[in-house]
Amino acid sequence: MVNSFPLPSALIEGSEDFKRCSPTEKLYMFYILSELNLHQWQERKENYFKDDMSIAVTLGVKEDTIRRARRKLQKFGFIEVRPGFRNPKTGQGVATTYLGSKWLDLVERIKEARSAGTENEKEGRFSLIPRYTFYSMLDKMRKGIFDSYDIVTLVYIYYLREKFKEKEAQVYETEGYDFFITKREFSSLTNMRPSKLEECIINLYERFKYSNGKHIFEYKDKYHKWEFYRITQHADPSEDETNRSSYEAMKERLEAQIDKAKEDKQNEPGLKFISAYRLIYRQHMDKDIERYYGDAEQATELLKKFTAEQMEEMARWYITADRHELPASCQAKKNRTLKDFLN
């Protein structure tokens with residue numbers, strides 16, 4: 001695996017929309033950019049498919065949180081997406097298709113300009129973020145060691161290290177740190193309070209150590225600024241046997257967590273009722289009905305008041321009844337949709 005993915009300054013420093021995103025939305029953006037970049041690096045011809053549940057488990061959040069984040073970033077024009085759907089003929093779900101990102105397109109233009117010696121300051125620059133380190137820290141987040149604020153803070157630290165690494169070697173030796181940033185600047189960049197940033201920096205420093213006792217970075221709190229030095233990253237699994245084994249084990253754990261989450265979802269009472277409603281609808285309407293987001297929660301709430309058998313009986317009557325038998329509010333509706341039934 002190539003051990004880095006790019007984050008352009010136009011996104012991190014230039015986009016006010018991105019700055020205002022929540023830590024989870026930022027993690028989602030980082031993860032998708034990493035996955036699309038890896039997909040691109042592997043020169044795969046097919047599109048990148050990823051269902052919302054898999055990403056939700058990867059980032060330790062609910063599936064609806066990922067749906068909202070995807071729609072939000074798509075609205076900003078950050079990612080190009082074709083939402084997943086259920087094939088009406090087979091009944092099988094098709095995962096969300098990620099077609100690309102304007103930010104990775106920008107990175108390619110910057111690379112081409114560098115090669116041609118025609119760099120454009122307006123397009124900015126990009127930093128390389130250690131991919132395996134990022135994925136490993138997500139694994140620790142799933143274990144409850146870190147949270148989304150911590151991981152986002154670490155990504156920004158890597159971004160800034162890369163940004164300032166072009167300093168002369170003599171400056172490094174004289175100053176003794178990789179970079180410094182004022183607390184006000186770091187807060188403005190991340191849209192996090194200085195007190196929250198301080199908490200995250202302490203968490204990252206205290207809760208993770210390498211086998212040799214070293215921290216992922218060293219830092220000094222200088223009252224109005226932070227100085228970071230000895231910033232470290234995990235060795236690439238393709239070059240380190242221990243990390244290769246760790247990476248494979250991490251992937252297996254994640255796949256097992258995703259499989260369990262999908263199995264648990266299928267066993268949810270609300271989803272079982274939705275499947276029953278679909279079947280009844282198909283039998284009497286001779287066509288399929290598409291679900292809409294949020295219906296599982298509504299169905300689950302109703303199942304607290306009625307049994308599954310009662311719900312199915314009500315659904316069957318609602319779908320098959322003459323329109324004049326229905327409440328006045330439902331008579332004008334041509335389709336007996338699940339949304340209308342639940343409401």
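The minimum heavy-atom distance between Cys200 and Thr153, with the atom names listed, is CB-OG1, 3.4 Å. Across all non-hydrogen atoms, the minimal contact from Ile216 to Met137 is CD1-CE, 4.1 Å. Looking at every heavy atom in both residues, Tyr98 comes nearest to Ile79 through CE2-CD1, 4.2 Å. The minimum heavy-atom distance between Ile12 and Leu189, with the atom names listed, is O-CD1, 3.5 Å. Closest of all the heavy-atom pairs between Leu36 and Gly100 is CD1-C, 3.9 Å. Nearest heavy-atom pair across Leu73 and Cys21 is CD2-SG, 4.0 Å.
Remark: Arg125 fails to qualify as a cation-pi partner of Phe164 under the 6.0 Å distance and 45° angle criteria applied to the six-membered ring. Both tests do not hold together for Lys140 against Phe208: distance to the six-membered ring centre under 6.0 Å, angle to the ring axis within 45°. For the pair Lys163 and Phe179, the NZ or CZ position fails the cation-pi test of under 6.0 Å to the six-membered ring centre and within 45 degrees of the ring normal. Under a cutoff of 6.0 Å and an axis angle of 45°, Lys183 and Trp226 form a cation-pi pair.
Between Tyr31 and Tyr135, the two ring planes are tilted [angle within 30° to 60°].
A donor-acceptor contact shorter than 3.5 Å links the side chain of Gln310 to the backbone of Thr307. A distance-only check finds no donor-acceptor pair linking the side chain of Lys26 to the backbone of Ser148 [under 3.5 Å]. Here the side chain of Asp139 pairs no donor or acceptor atom with the backbone of Met250 at under 3.5 angstrom. With Asp51 contributing its side chain and Ser54 its backbone, the two residues share a donor-acceptor pair below 3.5 Å. Between the Ser187 side chain and the Met192 main chain, a donor and an acceptor come within less than 3.5 Å of each other. A donor-acceptor pair under 3.5 Å is formed between the side chain of Arg244 and the backbone N or O of Ser238. Side chain of Ser15 to backbone of Glu13: no donor-acceptor contact under 3.5 angstrom is found. No donor-acceptor distance shorter than 3.5 angstrom exists from the side chain of Asn203 to the backbone of Asp150, with no hydrogens or angles considered. In this structure a side-chain-to-backbone donor-acceptor pair under 3.5 Å is present from Gln74 to Val81. Arg82 contributes no side-chain N or O that, together with a main-chain N or O of Leu99, makes up a donor-acceptor pair within less than 3.5 Å.
Atoms NE2 and CD1, from His215 and Ile231 in turn, are 14.0 Å apart once rounded to the nearest 0.5 Å. Within the model, atoms OG of Ser9 and CD of Glu162 stand 12.0 Å from one another, a figure rounded to the nearest 0.5 Å. Atoms CG and CG, on Leu38 and Leu33 in that order, are 12.5 Å from each other to the nearest 0.5 Å. Here NZ of Lys143 is found 12.0 Å from CG of Leu138. Values are rounded to the nearest 0.5 Å.
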request  = Show the numbers, then the answer: is there a side chain to side chain contact (heavy atoms under 4.5 Å, CB included) between Ile157 and Phe186?
outcome  = CA-CA 10 Å; Ile157 289 172; Phe186 209 179; 4.1 Å; yes
### Message
Is there a side chain to side chain contact (heavy atoms under 4.5 Å, CB included) between Glu25 and Met29? Walk through the geometry before answering.
### Response
CA-CA 6 Å; Glu25 290 164 347; Met29 183 78 257; over 6 Å; no
- [ ] Assess whether side chain to side chain contact (heavy atoms under 4.5 Å, CB included) is satisfied between Tyr205 and Phe217, documenting all intermediate values.
- [x] CA-CA 7 Å; Tyr205 183 80; Phe217 56 73; 4.3 Å; yes
Decide salt bridge (Lys or Arg N to Asp or Glu O under 4.0 Å) for Lys265 and Glu63; before the verdict, give the C-alpha distance in whole Å, the side-chain angles of both, and the deciding distance to 0.1 Å. CA-CA 10 Å; Lys265 180 180 177 179; Glu63 189 176 16; 2.7 Å; yes
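Between Lys50 and Thr97, the closest side-chain pair of non-hydrogen atoms is not below 4.5 Å. Annotation: side chain of Lys111 is not in contact with side chain of Pro6 (no heavy-atom distance under 4.5 Å). Within the 4.5 Å cutoff, the side chain of Tyr219 has heavy atoms near those of the Ile202 side chain. Residues Phe30 and Ile129 form no side-chain contact, since every pair of their non-hydrogen atoms from C-beta on lies 4.5 Å or further apart. Proximity of Thr190 to Val152: side-chain heavy atoms (C-beta onward) are nowhere separated by under 4.5 Å.
Follow the hydrophobic side-chain contacts under 4.5 Å out from Val61 and you never reach Leu254; the two are in separate clusters. Linking ILVMFWY side-chain heavy atoms closer than 4.5 Å, directly or via other members, places Leu204 and Tyr132 in a single hydrophobic cluster. One hydrophobic cluster, built from ILVMFWY side chains closer than 4.5 Å, holds both Tyr158 and Leu7. Neither Phe49 nor Met53 shares a network with the other; the hydrophobic side chains, linked directly or stepwise wherever heavy atoms of I, L, V, M, F, W or Y lie under 4.5 Å apart, form separate groups for each. Linking Ile, Leu, Val, Met, Phe, Trp and Tyr whenever their side-chain heavy atoms come within less than 4.5 Å puts Ile151 and Leu128 in one cluster.
Exactly one of Asn3, Asp236, Asn37 qualifies for a side chain to side chain donor-acceptor pair (under 3.5 Å) with Arg131. That residue is Asn37. Exactly one of Arg67, Lys62, Arg68 qualifies for a side chain to side chain donor-acceptor pair (under 3.5 Å) with Asp64. That residue is Arg67.
A 6.0 Å sphere centred on NZ of Lys214 holds no more than 12 heavy atoms belonging to other residues, nucleotides or ligands. Around the CZ atom of Arg184, the shell of radius 6.0 Å holds no more than 12 heavy atoms that belong to other residues, nucleotides or ligands. Crowding of Lys305 atom NZ: a count of heavy atoms from other residues, nucleotides or ligands under 6.0 Å not exceeding 12.
With salt bridges taken as basic N to acidic carboxylate O contacts below 4.0 Å, one links Lys260 and Asp264. Ion pair Glu248/Lys251 flagged as a salt bridge, since at least one NZ, NE, NH1 or NH2 atom sits closer than 4.0 Å to an Asp/Glu carboxylate oxygen. Salt bridge annotation for Glu112-Arg114: absent, with no cationic side-chain nitrogen under 4.0 angstrom from a carboxylate oxygen. Ionic pairing of Asp259 and Lys262 is not present here: no N-O contact between side-chain nitrogen and carboxylate oxygen is shorter than 4.0 angstrom. A salt bridge does not link Asp178 with Arg161: every distance from a Lys NZ or Arg NE/NH1/NH2 to an Asp or Glu carboxylate oxygen is 4.0 Å or more.
Note: Phe5 and Phe134 meet the aromatic proximity criterion, with ring centroids under 6.0 Å apart. Taking the six-membered ring where the residue is Trp, the centroids of Phe228 and Phe180 are separated by 6.0 Å or more. Remark: aromatic rings of Phe78 and Trp103 are close, center separation under 6.0 Å. Taking the six-membered ring where the residue is Trp, the centroids of His234 and Tyr210 are separated by under 6.0 Å.
Neither side chain, Tyr48 nor Gln40, offers a donor N or O lying under 3.5 Å from an acceptor on the other.
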